[in-house]
Undergrad: 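Here it is: the structure, laid out below.
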Amino acid sequence: MVFWIASVAGLATAYLLGSIPAGYLAGKLLRGIDIREHGSRSTGATNVLRTLGKWPALAVLLVDVLKGAAAIAFARWFYPWIGTLPSVTPPTDLQTLLPWAVCLAGLAVLLGHSRSIWLNFTGGKSAAAGLGVLLALSWPVGLGAAAAFGVVLAVSRMVSLGSMLAALTAIALICALEQPLPYRLLVIAGGVYVIARHRANIQRLLAGTEPRLGSSKAASQG
């Protein structure tokens, strides 16, 4: 029982890490505004770029990536540490359990980013936090996804399209490489979740109205 209580606390920690509303805080601290009332009304780095400028956006992007990486690093430390406590008896071998715990922590941090408890369960689209998860989980997969995003952004100037194709690239890479099943499931589920968070962007892409970075429409959509 103690082990499961501690495990739930670990997942709650990962969720709370994801819930840190970096974009919202940047708006409040720098201009005294609620960024959810401006631009695309997202708290992500793209809307911060359009609303506050490139340096605040870069800081928010870095924080969001670090949130994802920190959740994975925390899970990898926390669950083995639980197993060392004399009052805790894990239900199975920790080496077998750890990848599943990391998988759940990754999903928790993505959920926290997009459904922050501090913002009435609203937030960003989890792409930056997802990149942090990927880099901590498997750096080749993370770098591959980042490269795909960069290429698509350079060609199309559409952040949404780059994010979704980066998610698909991550899914393809994690399935092609030798990785534990829980890690593969995490990346597949997380990638699908990130794409699902871009539903409005997908509709605009199909309609040919998705704004490009730097365009006049980009200030009102994203």
Undergrad: So R50 and L213, do their side chains get closer than 4.5 Å, heavy atoms only?
TA: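 A side-chain contact exists here, since the closest heavy-atom pair is under 4.5 Å.
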Undergrad: Hydrophobic side-chain clustering at under 4.5 Å (ILVMFWY, transitive links): who's grouped with W55? Put none if nobody.
TA: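 Grouped by the 4.5 Å side-chain rule, L58 form the rest of the cluster around W55.
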Undergrad: Should T43 and P21 count as side-chain neighbours, where that means a heavy-atom distance under 4.5 Å?
TA: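 Heavy-atom side-chain distance check fails, nothing below 4.5 Å.
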Undergrad: Using residues 94-111 as the side-chain source, report each donor-acceptor pair under 3.5 Å to any protein atom, sequence neighbours left out, with the distance given to one decimal.
TA:
none

Undergrad: Between I72 and V187, is there shared hydrophobic-cluster membership here, with clusters defined by ILVMFWY side-chain heavy atoms closer than 4.5 Å?
TA: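 I72 clusters together with V187.
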Undergrad: Give the ring-plane orientation class for W77 versus F74, where under 30° counts as parallel, over 60° as perpendicular and anything between as tilted.
TA: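 Rings of W77 and F74: tilted, 30 to 60°.
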Undergrad: What pairs meet the salt bridge (Lys or Arg N to Asp or Glu O under 4.0 Å) rule with one or both residues in residues 185-196, with sequence neighbours excluded?
TA: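 Checked against salt bridge (Lys or Arg N to Asp or Glu O under 4.0 Å) - neighbours excluded - no pair reaches residues 185-196.
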Undergrad: Kindly give the cluster partners of L62, where membership spreads through any ILVMFWY side chain lying under 4.5 Å from a current member.
TA: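 Under the 4.5 Å side-chain rule, L62 groups with L66.
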Undergrad: Which other residues belong to the hydrophobic cluster containing W139, where Ile, Leu, Val, Met, Phe, Trp and Tyr are joined when side-chain heavy atoms lie under 4.5 Å apart, directly or via other members?
TA: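 L61, V65, L131, L135, L143, which link up through side-chain heavy atoms under 4.5 Å apart, make up the rest of the cluster.
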Undergrad: Among residues two or more places apart or on two chains, list those pairs meeting side-chain hydrogen bond (donor to acceptor under 3.5 Å, both in side chains) that have a residue in residues 7-19.
TA: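 Found none.
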Undergrad: So do the side chains of S163 and V159 get within less than 4.5 Å of each other, counting heavy atoms only?
TA: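 The answer is yes; the side chains approach within 4.5 Å.
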Undergrad: Any pair with a residue in residues 25-34 that passes salt bridge (Lys or Arg N to Asp or Glu O under 4.0 Å), sequence neighbours left out, goes on the list, sorted by first then second residue, please.
TA: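 Salt bridge (Lys or Arg N to Asp or Glu O under 4.0 Å) check on residues 25-34 returns D34-R36.
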Undergrad: Sequence neighbours excluded, which residues qualify as side-chain contact (heavy atoms from CB on, under 4.5 Å) partners of A57?
TA: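 For A57, the residues satisfying side-chain contact (heavy atoms from CB on, under 4.5 Å) (neighbours in sequence not counted) are V48, L49.
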Undergrad: Excluding sequence neighbours, so at least two apart, what forms side-chain contact (heavy atoms from CB on, under 4.5 Å) with L168?
TA: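 side-chain contact (heavy atoms from CB on, under 4.5 Å) list for L168, sorted by chain: L165, I195.
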Undergrad: Is the closest side-chain heavy-atom distance between F78 and L11 below 4.5 Å?
TA: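 They are not in contact (no side-chain heavy atoms under 4.5 Å apart), so the answer is no.
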Undergrad: Could you check if a side-chain atom of M164 sits within less than 4.5 angstrom of a side-chain atom of I202, using non-hydrogen atoms only?
TA: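 When only atoms from C-beta onward are counted, I202 and M164 do touch, with a gap below 4.5 Å.
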Undergrad: Considering only residues two or more places apart or on different chains, which pairs with a residue in residues 60-80 satisfy salt bridge (Lys or Arg N to Asp or Glu O under 4.0 Å)?
TA: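 As it turns out, the salt bridge (Lys or Arg N to Asp or Glu O under 4.0 Å) pairs with a partner in residues 60-80, which skip direct neighbours, are D64-K67.
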Undergrad: What about L161 and V194, same hydrophobic cluster or not, with Ile/Leu/Val/Met/Phe/Trp/Tyr joined at side-chain heavy-atom distances under 4.5 Å?
TA: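 Cluster IDs for L161 and V194 differ.
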Undergrad: Within the structure provided, determine whether L205 and M158 are in side-chain contact (heavy-atom separation under 4.5 Å).
TA: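 Yes, side chains in contact.
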Undergrad: Excluding sequence neighbours, so at least two apart, what forms side-chain contact (heavy atoms from CB on, under 4.5 Å) with P140?
TA: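 If we apply the side-chain contact (heavy atoms from CB on, under 4.5 Å) test to P140, skipping adjacent residues, the hits are S138, L177.
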Undergrad: With S114, which residues qualify under side chain to side chain donor-acceptor pair (under 3.5 Å), at least two apart?
TA: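 Testing S114 for side chain to side chain donor-acceptor pair (under 3.5 Å), a comparison that skips the adjacent residues, returns Y193.
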Undergrad: Would the distance check show the side chain of R199 and the main-chain N or O of A196 forming a donor-acceptor pair, the cut-off being under 3.5 Å?
TA: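 Pair found, side chain donor or acceptor close to backbone of A196.
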